Student: 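First the structure, then my questions, so here it is.
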Amino acid sequence: MSQPTGNIFIVVAPSGAGKTSLVAALLAAEPTVELSISYSTRPPRTGEVDGKHYHFVDQAVFKSMIDRGDFLEHAEVYGNYYGTSAPWIRSRLDVGQDILLEIDWQGAEQVRKTFPDAIGIFIAPPSIEELERRLRGRATDSEEVIRRRLASARAEIDKIAEYDYIVVNDDFERARLDLISIVRANRLRSAIQCRKLATMLARMGQGG
Ligand code: GDP
Ligand code: ADP
Ligand code: 5GP
């Protein structure tokens, strides 16, 4: 797969760290970044809309998609299956679109095998205690689900050094600005700019 000028941002966080809230705030500030809508076998939470938050599918559909090779990556996370659509990613990269994947650490490892230039961003909570408070405060998950998600958090944080950037979501506004800064800085990298601005740079080089 070619990657003309688009960046792939991969945002990973322990559940409850604020990934969904921060990504929503980033997309509001940077509307040209497009969010990949994952496929999931998890039941929708109250307020979640099919096709907007996830493409909600049952296990049989998910398995047939795996067999057809429809996923760039897929993983079992907290007992449900999640996957990223390969055709969608390909179509966006082909036109140079910046895209953002909100996926788990296993998915991030798989994507980076295909796209080594993908930019890994880890959102860390300020503490495990605060993570637990947020998961309970969100009130979207059962006690068993919350316990399972907290147990995974420590293992996820152990892999933090594998990411290009770490954003601590303590003060939300500060974390939001950190995330926006990462996106903007990566768009300005010379390798990207040279491809995007090729015509303009060639004209300036000719004194035109
Ligand atoms: P979810 O993905 O469905 O859990 O939705 P979000 O996590 O994006 O948002 C859940 C609620 O938390 C919304 O009512 C947000 O406005 C609110 N919220 C988002 N960020 C913050 C924050 O930094 N502090 C507080 N106190 N509330 C927030
Ligand atoms: P994730 O997508 O990582 O599971 P969410 O975005 O759903 O996390 O956030 C989990 C909960 O924590 C939500 O109720 C959200 O409103 C809250 N939250 C997010 N960021 C902060 C923050 N900086 N301070 C306090 N609460 C936060
Ligand atoms: P939630 O159920 O809270 O929405 O998400 C649970 C976990 O699954 C999060 O860590 C989230 O990043 C991850 N996830 C969401 N979509 C995908 C996906 O397409 N692929 C992978 N590998 N993980 C995903």
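What you see is a predicted model; the values in this text were computed from it and never measured. Whatever order the structure lists them in is the order used to number ligands and atoms, beginning at 1.
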Student: If we count only N and O atoms by modelled type, under 3.5 Å, do the side chains of Arg42 and Ser40 hold a donor and an acceptor together?
Tutor: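 There is no such pair between these side chains.
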Student: Polar contacts were defined as any N/O atom of the residue lying under 3.5 Å from an N/O atom of the ligand; does this apply to Tyr82 and ligand 3?
Tutor: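 Tyr82 vs ligand 3: N/O contact under 3.5 Å present.
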Student: Under a 4.0 angstrom heavy-atom cut-off, which atoms of ligand 2 come close to Asn169?
Tutor: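 Listed by number with element, the hits are 19 (C), 20 (N), 21 (C), 22 (C), 23 (N).
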Student: Going by the atom numbers of ligand 2, which of them fall below 4.0 Å from some non-hydrogen atom of Ser15?
Tutor: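 Those of ligand 2 that fall under 4.0 Å from Ser15 are 4 (O).
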Student: Pull out every atom of ligand 3 sitting under 4.0 Å from any heavy atom of Ala75, numbered as shown with elements.
Tutor: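 That gives atoms 22 (N) of ligand 3.
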Student: Just need the protein heavy atom nearest to atom 12 (O) of ligand 3, so name the residue and atom and give the distance.
Tutor: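 Here the closest protein heavy atom is Ile103 C, 3.0 Å.
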Student: For atom 10 (O) of ligand 3, what's the nearest protein heavy-atom neighbour? Residue, atom name and distance, please.
Tutor: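 Result: Asp104 CB, 3.7 Å.
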Student: Write out the residue and atom name of the closest protein heavy atom to atom 19 (O) of ligand 3, then the distance separating them to 0.1 Å.
Tutor: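 Scanning the protein heavy atoms, the shortest distance from atom 19 (O) of ligand 3 goes to Ser38 OG, 2.6 Å.
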Student: If you measure every N/O of Gly137 against every N/O of ligand 2, is any gap under 3.5 Å?
Tutor: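 There is no such contact.
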Student: Counting from 1, what ligand 3 atoms have a heavy atom of Tyr78 closer than 4.0 Å?
Tutor: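 Here the atoms of ligand 3 in question are 6 (C), 7 (C).
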Student: Report the nearest protein non-hydrogen atom to atom 11 (C) of ligand 3: residue, atom name, distance rounded to 0.1 Å.
Tutor: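 Going by distance alone, atom 11 (C) of ligand 3 is nearest to Lys19 NZ, 3.7 Å.
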Student: Going by the atom numbers of ligand 2, which of them fall below 4.0 Å from some non-hydrogen atom of Asp170?
Tutor: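 Within the 4.0 Å cut-off of Asp170, ligand 2 contributes 22 (C), 23 (N), 24 (N).
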Student: Give a yes/no on ligand 3: does Arg42 have at least one heavy atom closer than 4.0 angstrom to it?
Tutor: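 Within the 4.0 Å threshold, so yes.
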Student: Donor-acceptor check, side chain of Gln110 to backbone of His74, threshold 3.5 angstrom: yes or no?
Tutor: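 It does hold such a pair.
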Student: With a 4.0 Å cut-off on N to O distance, would you call Glu162 and Arg112 a salt bridge?
Tutor: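 No, Glu162 and Arg112 are not salt-bridged.
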Student: Report the part of Arg45 in contact with ligand 3, treating N, CA, C, O as backbone and CB onward as side chain, heavy atoms under 4.0 Å; options are side chain, backbone, both, neither.
Tutor: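 For Arg45, only side-chain atoms sit under 4.0 Å from ligand 3.
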Student: Quick check: does Glu130 get an N/O under 3.5 Å from an N/O on ligand 2?
Tutor: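 Between Glu130 and ligand 2, no N or O pair is found under 3.5 Å apart.
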Student: Give a yes-or-no answer on whether the side chains of Arg187 and Thr32 include a donor-acceptor pair shorter than 3.5 Å.
Tutor: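 Thr32 and Arg187 do have a side-chain donor-acceptor pair below 3.5 Å.
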Student: Can Glu173 and Arg176 be said to form a salt bridge (charged side-chain N to carboxylate O under 4.0 Å, His left out), step by step?
Tutor: CA-CA 5 Å; Glu173 180 55 15; Arg176 186 183 76 91; 2.9 Å; yes
Student: Does Arg203 reach the main-chain N or O of Thr199 with its side chain, forming a donor-acceptor pair under 3.5 Å?
Tutor: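 Between the backbone of Thr199 and the side chain of Arg203 there is no qualifying donor-acceptor contact (under 3.5 Å).
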Student: Got the closest protein heavy atom to atom 4 (O) of ligand 3, with its distance?
Tutor: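 Its nearest protein heavy-atom neighbour is Tyr54 OH, 2.5 Å.
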Student: Going by atom types alone, do Asp141 and Tyr78 pair a side-chain donor with an acceptor below 3.5 Å?
Tutor: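 No, no side-chain donor-acceptor contact under 3.5 Å.
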Student: Heavy atoms only: which of Arg138, Arg174, Arg176 is nearest to atom 7 (O) of ligand 2?
Tutor: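 Minimum heavy-atom distance to atom 7 (O) of ligand 2 goes to Arg138.
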Student: Less than 6.0 Å separating the ring centroids of Tyr81 and Tyr39?
Tutor: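 When the ring centroids of Tyr81 and Tyr39 are compared, they turn out to be at least 6.0 Å apart.
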Student: Of the backbone atoms (N, CA, C, O) and the side-chain heavy atoms from C-beta on, which set of Glu73 has a member under 4.0 Å from an atom of ligand 3: side chain, backbone, both, or neither?
Tutor: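 For Glu73, the contact with ligand 3 is made by the side chain alone.
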Student: Determine whether a donor-acceptor pair (N or O, by modelled atom type, separation under 3.5 Å) exists between the side chain of Asp70 and the backbone of Ile66.
Tutor: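 No, the answer is negative, given that no donor and acceptor are paired below the 3.5 Å cut-off.
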Student: Below 4.0 angstrom from a heavy atom of Glu102, which ligand 3 atoms are there? Numbered from 1 as shown, please.
Tutor: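 Per the distance check, 12 (O), 14 (N), 15 (C), 16 (N), 17 (C).
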Student: Salt-bridge test for Glu143 and Arg136: reply yes if a basic N is under 4.0 Å from a carboxylate O, no otherwise.
Tutor: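 Looking at Arg136 together with Glu143, the answer is yes, because their closest N to O distance falls below 4.0 Å.
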Student: Do Asn7 and Arg189 get their side chains close enough for a donor-acceptor pair, meaning under 3.5 Å?
Tutor: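 Yes, Arg189 and Asn7 have a side-chain donor paired with an acceptor closer than 3.5 Å.
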Student: Can you find an N or O of Arg134 that's nearer than 3.5 Å to an N or O of ligand 2?
Tutor: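 N/O-N/O distance below 3.5 Å exists for this pair.
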Student: Judging by distance only, is a nitrogen or oxygen of Glu102 under 3.5 angstrom from one on ligand 2?
Tutor: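 No, there is no polar N/O contact under 3.5 Å.
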Student: Hey, are Glu130 and Arg133 close enough for a salt bridge, meaning a charged N less than 4.0 Å from a carboxylate O?
Tutor: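 Answer for the salt bridge query: yes.
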Student: How does Gln110 reach ligand 3, by side chain, by backbone, by both or by neither, if only non-hydrogen atoms under 4.0 Å count?
Tutor: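 Within the 4.0 Å criterion, Gln110 makes no contact with ligand 3.
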Student: Is ligand 3 under 4.0 Å from a heavy atom in the side chain of Val77, in the backbone, in both, or in neither?
Tutor: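 Answer for Val77: side chain.
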Student: Test your reading of the structure: does Gly18 have an N or O sitting under 3.5 Å from an N or O of ligand 2?
Tutor: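 Yes, there is a polar N/O contact under 3.5 Å.
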Student: Establish, from distance only, whether the side-chain atoms of Glu73 and Thr84 form a donor-acceptor pair under 3.5 Å.
Tutor: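 Yes.
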Student: With a 4.0 Å cut-off on heavy atoms, is Arg149 in contact with ligand 3?
Tutor: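 A heavy atom of Arg149 does come that close to ligand 3.
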Student: Hydrophobic cluster membership, with links at side-chain heavy-atom distances under 4.5 Å among I/L/V/M/F/W/Y: are Phe56 and Ile103 in one?
Tutor: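 Per the 4.5 Å side-chain linkage, Phe56 and Ile103 are not co-clustered.
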Student: For Ala17, is there any backbone N or O sitting under 3.5 Å from a side-chain donor or acceptor partner on Asn169?
Tutor: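 Yes, Asn169 side chain to Ala17 backbone: donor-acceptor pair under 3.5 Å.
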Student: Just which atoms of ligand 3 are under 4.0 Å from any heavy atom in Gly107?
Tutor: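 Here the atoms of ligand 3 in question are 22 (N).
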